[in-house]
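The structure appears below as structure tokens.
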Amino acid sequence: MDVNNKDLGTSLRTHTCGQLGESDVGRKVTLCGWVDGHRDLGGLIFIDLRDRWGVTQIAFDPEEVSDEYMELARSVRYEYSIRVSGEVRLRPEDMENRQMITGKIEIRADSIEILNRSETPPFLVEDDTAASEELRLKYRYLDLRRPWLMRKLEIRHQATRAVREYLDSRGFVEIETPLLIRSTPEGARDYVVPSREQKGKFYALPQSPQLLKQILMVSGFDRYYQLARCLRDEDLRADRQPEHTQIDLEMSYVNQDDVFEVVEGMMKHLFKKVLDDDIEAPFARFTYKEVMDKYGIDKPDLRFGLQITDLSDIFTNSKFKVFSEALSKGGVIRGIRYKGGADISRKRIDDLTEIAKSRGAKGLAYLLKRDGEIKSPIAKFLSEDEISRALEKAAVETGDGLLIVADAWKTACDSLGALRAKLGEELSETAPMKWAFLWVCEFPLFEYNPDLSRFDAMHNIVTSPHNEDNELLDAGAKSELPPSDPEHPWARIRGNQYDLVLNGIEIASGGIRIHNRKIQEKVLSILGIDEERADRMFGFLLEALEYGAPPHGGIAPGFDRIVALMTDSESIRDVIAFPKTTAAQSLMDGAPTEIDQAQLDELGLMIREKKKK
RNA sequence: GGGGUCGUAGUUCAGUUUGGUUAGAACGCCUGCCUGUCACGCAGGAGGUCGAGAGUUCGAGUCUCUUCGGCCCCGCCA
């Protein structure tokens with residue numbers, strides 16, 4: 001990283017704690033920082049002084065320092081904020097510390113000033129902290145003093161710069177969109193803000209600047225981007241926070257390839273600039289159908305191969321009822337090779353079965369190919385020919401197992417996808433490439449929601465259908481097929497929708513948008529949003545589309561997730577300065593809190609009693 | 001909304017299975033000694049409403065119920 005280490009002197013210091021080396025020997029310096037450690041040897045006193053740039057050892061020698069300063073040096077404790085002046089000198093021979101960047105030198109102190117004492121910290125500020133995350137979040141300012149965490153935010157800063165640099169170079173304009181907007185019918189629950197001027201009315205905080213960036217295309221900016229804060233009131237996960245940052249961008253007169261080219265260039269630049277890693281582009285492209293069939297998930301981790309094999313054709317005439325019935329109901333039979341899994345235990349089988357069942361599968365069948373025999377509770381229901389063809393098709397060798405799911409297509413995909421993830425994680429001997437990017441495109445535009453008996457947008461209500469599928473919009477309205485049928489015209493419409501996946505994490509989602517009012521209205525009506533409601537919530541966009549809106553599309557890479565991957569972080573909390581807990585609370589400041597009655601009155605709000613169970 | 005898991009000294013944990021004397025360890029903290037340490041060392045010391053509340057019991061850190069909080073997952077979310 002190109003941290004500029006020069007000219008960081010201030011009125012209180014001449015240098016930083018990570019800066020001095022052999023070439024500075026003899027120099028008179030003053031450093032400021034926190035006490036990272038202190039060793040009182042009775043005569044000599046050593047203090048390790050830490051700031052953002054590093055740690056430097058300060059030595060206090062009673063022969064050279066006044067009693068008054070020795071006494072002060074003796075009194076310092078962890079995290080005291082101090083200022084020290086002295087001369088840089090080489091450490092005595094054999095006293096170097098190879099673990100420290102500044103380990104060849106030390107400061108022979110002349111004087112010390114305590115700028116601010118510290119309470120005994122609730123945990124030691126060190127990279128290998130034992131403190132719980134709960135405690136670290138409460139004392140986030142101490143947690144952030146840890147170099148490990150500070151580096152991550154520095155990398156985030158570098159990433160921000162690299163993104164801006166690249167998009168600027170490609171003709172994008174950074175435009176801020178409002179945080180107080182109207183509630184629009186997008187997927188997630190809105191955070192809302194009451195209006196004082198208009199009592200009883202509410203702003204919503206943006207789930208994303210989606211509609212506004214489309215309006216900017218109508219305005220003619222042609223290429224827009226923003227490091228945009230997005231807020232969603234939904235349950236949290238390791239990779240989800242109530243507010244997150246997207247590299248939101250939109251372009252006019254483009255198709256999917258144009259967007260891919262820009263994003264691939266951006267990723268190359270980003271990874272090169274920040275990590276000095278070379279990314280191969282263009283990225284692999286798959287259709288939704290392909291990744292689901294091969295990997296059982298729409299965001300596969302391609303650092304390992306391990307594909308799912310379709311075995312349906314082998315069992316078309318099977319006497320095994322579980323298989324034949326699954327097929328006759330329009331389902332599939334699929335399997336995945338479990339390398340080296342021929343001798344797994346009963347317990348292990350149960351665990352794997354549990355994984356399959358948790359994703360909706362009714363059960364998990366298996367064939368274990370041992371030396372000279374096949375071990376399987378279902379072998380007696382299958383013909384030898386069926387078994388050997390299945391093993392061969394799935395490339396199962398002696399010593400391996402074959403895990404089989406017979407179920408509806410989606411269920412089979414989900415459960416085998418989960419098994420694949422589990423096996424891939426465990427059999428990590430497949431030398432993983434570091435960064436496995438891929439595009440997933442041609443998502444279905446709609447997904448039937450059996451609970452609500454209606455179609456939902458698979459991604460985004462403004463995504464345009466494939467041109468060739470436009471006629472299906474009308475065909476669906478007249479279709480005799482039940483909406484739950486996968487052959488229903490609306491279920492067959494492919495959307496101009498794409499995701500970018502990195503190492504099994506979805507890091508971006510985008511699409512080519514609808515720029516024609518008529519088509520947008522049709523899509524909204526399929527989603528069960530009638531004209532009146534569409535007009536009310538959405539009218540401003542529909543109207544804007546009528547003034548020569550250009551064809552346009554874009555994408556929104558999730559910045560926190562990308563930085564989390566770049567910094568090898570388990571959770572995006574590690575790359576956000578002040579994150580919230582999984583219950584959406586901020587342990588440091590206590591948000592959310594109740595507010596004063598006066599504030600409620602001013603807003604015309606009344607709090608209802610909590611319902612008792 | 002559902003499932004899992006955790007909550008004991010300032011901190012990280014042991015103790016909970018099978019209820020029973022004064023709840024332990026390490027690090028940190030305090031005091032003293034120590035002139036080349038860098039996980040400094042040595043000697044001594046302080047520190048606990050066992051997350052909270054209720055119950056069972058002669059007796060609860062330990063059993064039951066309720067509740068609060070952290071983390072992970074499903075639903076939800078792009």
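Both backbone and side-chain heavy atoms feed into the values below; hydrogens, waters and symmetry mates do not. Each chain gets a letter, A, B and so on, in the order its sequence line appears, and its residues count up from 1.
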On the nucleotide [N], are OP1 or OP2 found under 4.0 Å from the side-chain N or O atoms that [X] carries?
| X | N | value |
| --- | --- | --- |
| A:Gln207 | B:C77 | no |
| A:Arg561 | B:A78 | no |
| A:Thr582 | B:C71 | yes |
| A:Gln241 | B:C77 | no |

Length of the [atom1]-[atom2] vector between [X] and [N], whole Å:
| X | N | atom1 | atom2 | value |
| --- | --- | --- | --- | --- |
| A:Gln210 | B:C77 | CD | C1' | 16 Å |
| A:Asp143 | B:U11 | CG | P | 15 Å |
| A:Leu211 | B:A78 | CG | P | 13 Å |

Do [X] and [N] share a donor-acceptor pair, side chain to base, under 3.5 Å?
| X | N | value |
| --- | --- | --- |
| A:Asp61 | B:G36 | no |
| A:Arg77 | B:G28 | no |
| A:Arg89 | B:G36 | yes |
| A:Arg232 | B:C77 | no |

If you measure only the distance, is there a donor-acceptor pair under 3.5 Å linking the side chains of [X] and [Y]?
| X | Y | answer |
| --- | --- | --- |
| A:Glu250 | A:Tyr224 | no |
| A:Thr411 | A:Asp414 | no |
| A:Gln57 | A:Arg39 | yes |
| A:Asp110 | A:Ser85 | no |
| A:Ser569 | A:Lys152 | yes |
| A:Gln497 | A:Ser509 | yes |
| A:Trp490 | A:Glu447 | no |

Could you go through A:Phe46 and A:His38, starting from their C-alpha distance and side-chain angles, then the distance that decides it, and tell me whether this counts as ring pair (Phe, Tyr, Trp, His ring centres under 6.0 Å)? CA-CA 6 Å; A:Phe46 295 99; A:His38 49 99; over 10 Å; no
Of A:Ser358 and A:Gly43, whose nearest nucleotide on RNA chain B comes first from the 5' end?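 Closer to the 5' end of RNA chain B: A:Gly43.
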5'-most by nearest nucleotide on RNA chain B - A:Thr581 or A:Pro62: A:Pro62
Is A:His244 close to A:Gln246 at the side-chain level, that is, under 4.5 Å between some pair of heavy atoms? yes
Expected string for nucleotides 37-52 of chain B under the B/S/- scheme (protein heavy atoms, under 4.0 Å, primed atoms plus P, OP1, OP2 as sugar-phosphate) is BB-B------------
Could you check which of B:A78, B:C77, B:C72 has an atom nearest any side-chain atom of A:Arg573?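 My answer, after comparing the listed nucleotides, is B:C72.
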Contacts to RNA chain B from residues 121-135 of chain A, heavy-atom cutoff under 4.0 Å, which residues? A:Pro122, A:Ala130, A:Ala131, A:Ser132, A:Glu133, A:Glu134, A:Leu135
